[in-house]
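Encoded as structure tokens, the structure appears first; notes follow it.
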Amino acid sequence: MKTLRLLALFIAAIVLTAGQSVQPARRPISLVVVGGSVITQDARRSVLAPGAVAIEGTDIIEVGSPEAIAAKYRASDTIEARDQIVLPGLINTHTHAPMVMYRGLADDLALMDWLQKYIFPAEAKTVSPAFVRTGTRLAALEMIESGTTTYADMYYFEEEIAKATREAGLRGVLGQTIIQFPVADAKTPAEGLARAEAFVKAFKDDSLIVPAVAPHAMYTNDRATLVACAELARRYGVPVIIHLAETEDEVRIARDEHRLTPTAYLESIGFWGPKTLAAHGVWVTGEDMAILKRHGIGVAHNPESNMKLASGAAPVTKYLRAGVALGLGTDGAASNNDLDMFEAMRQASFLAKHATRDPTALPARTALDLATIGGARALGMERQIGSLERGKLADLITVSVGAARQTPLYDPVSHLVYVTRGDDVRTTIVNGRVLMKDRQVRTLDRASVIADANRLAQKVREAVAR
Ligand SMILES: [Zn+2]
């Protein structure tokens, strides 16, 4: 009997050991994010509920059920967000980061008055490398806290913006501004172009920064400058960012001076080329839209800025129908007045419905697309970011859904667009690095960023009062 029992134990031990050796060793990876639902934004718009994202280094290596991911991988760090929604980091396709320093400085004006009487003079008196550094840190803090992981920018001293962006850990498509009149970082457009070239050379191989050339607009640059900007960008294979057809005034200027729309004028001088992003595109004709489509131009829609400055309503549904790569932006905080992309999604949807008197014009699903994969397409980065898929860069966020305003929850996509706020973001991850966990920002010292901004605001207040 005893021998039999021993034999049985021996056999059981063999079976157990064999069973273990059949199971493959779990691959060690850096991070797993487990969520109540994972909104992938892949081509099939798959939603996993629950789901998990496996990350190794800077890349997503797999998205699957929590059980499947746990069986295959052993992560050195895990973010448990089973009571939250996991989604791709939001992509802000148009802003001017340091302009957070002008938040609330001049409201309730039309664009041309606002720019020429308030913003351009304030910039002439206050913009410096230190101003840009402090402003960008504040903007980066706000973006991390509200779930933006990539942003497109155009401003002055863009190298300072790039450095602050890299330190904060955000991804940026950053354009050095070129404008015809003397500005803080360039007395002439030629100087601005030289700056842009030095900037592109310094950052073209950076893992987080895509340097770009940013002529301000067709009405603030002459033909030679516009052409030189496009040529510079093409020489280095970097993007061009420009404001386009933002107001009816711009269309009038273009018609008076060139007998063409802004879009057609820029085509007539050979400006449009690859990797070009046009911000606003509010006042475009059907022919303009065909031009933009033909040249593969990305368009950044900025519903809040357009409403606040009463610039108009961009024909969003027509853009989408025409197949133009459309992204969403906040514009600078001086005309919004924040960088919250959740609000941008909501307002994009409401504005399109209101302007067309069609409640189906821009559904929640489409608004979310614009802020994620659509923005990635507009920036020409859809192979790298914009969705949670194997092989893409690990840019993702988690969002809490426990607030009274988010209860009950029937449809996560509806909630993300119609009731969620930037403040609901819990975790922000860029390039596989956790920038914020449980609302604690790790890459910036929150208290000192805000104190520095308040100190600088005192100088802005004094400068504009003079
Ligand atoms: Zn702008």
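Counting starts at 1 for both ligands and their atoms, following the listed order.
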Practice prompt. For His280 and Asn306, test the side chains for any donor-to-acceptor distance below 3.5 angstrom and give the result as yes or no.
Written response: yes

Worksheet item: Is it true that the side chains of Ser146 and Asp340 contain a donor and an acceptor less than 3.5 Å apart?
Response: no

Discussion item. Looking at Lys308 and Asp107, is any side-chain nitrogen of the basic one under 4.0 Å from a carboxylate oxygen of the acidic one?
Written reply: yes

Discussion item. So, 2.8 Å as the limit: is an N/O/S atom of His243 located closer than that to the Zn ion (ligand 1)?
Written reply: yes

Worksheet item: If the Zn ion (ligand 1) is the vertex, what is the angle to NE2 of His96 and NE2 of His94, rounded to 10 degrees?
Response: 100°

Discussion item. Report the atom name of the nearest N/O/S atom of Asp331 relative to the Zn ion (ligand 1).
Written reply: OD1

Worksheet entry | Gap separating the OG atom of Ser311 from the CG atom of Leu111, nearest 0.5 angstrom | 5.5 Å

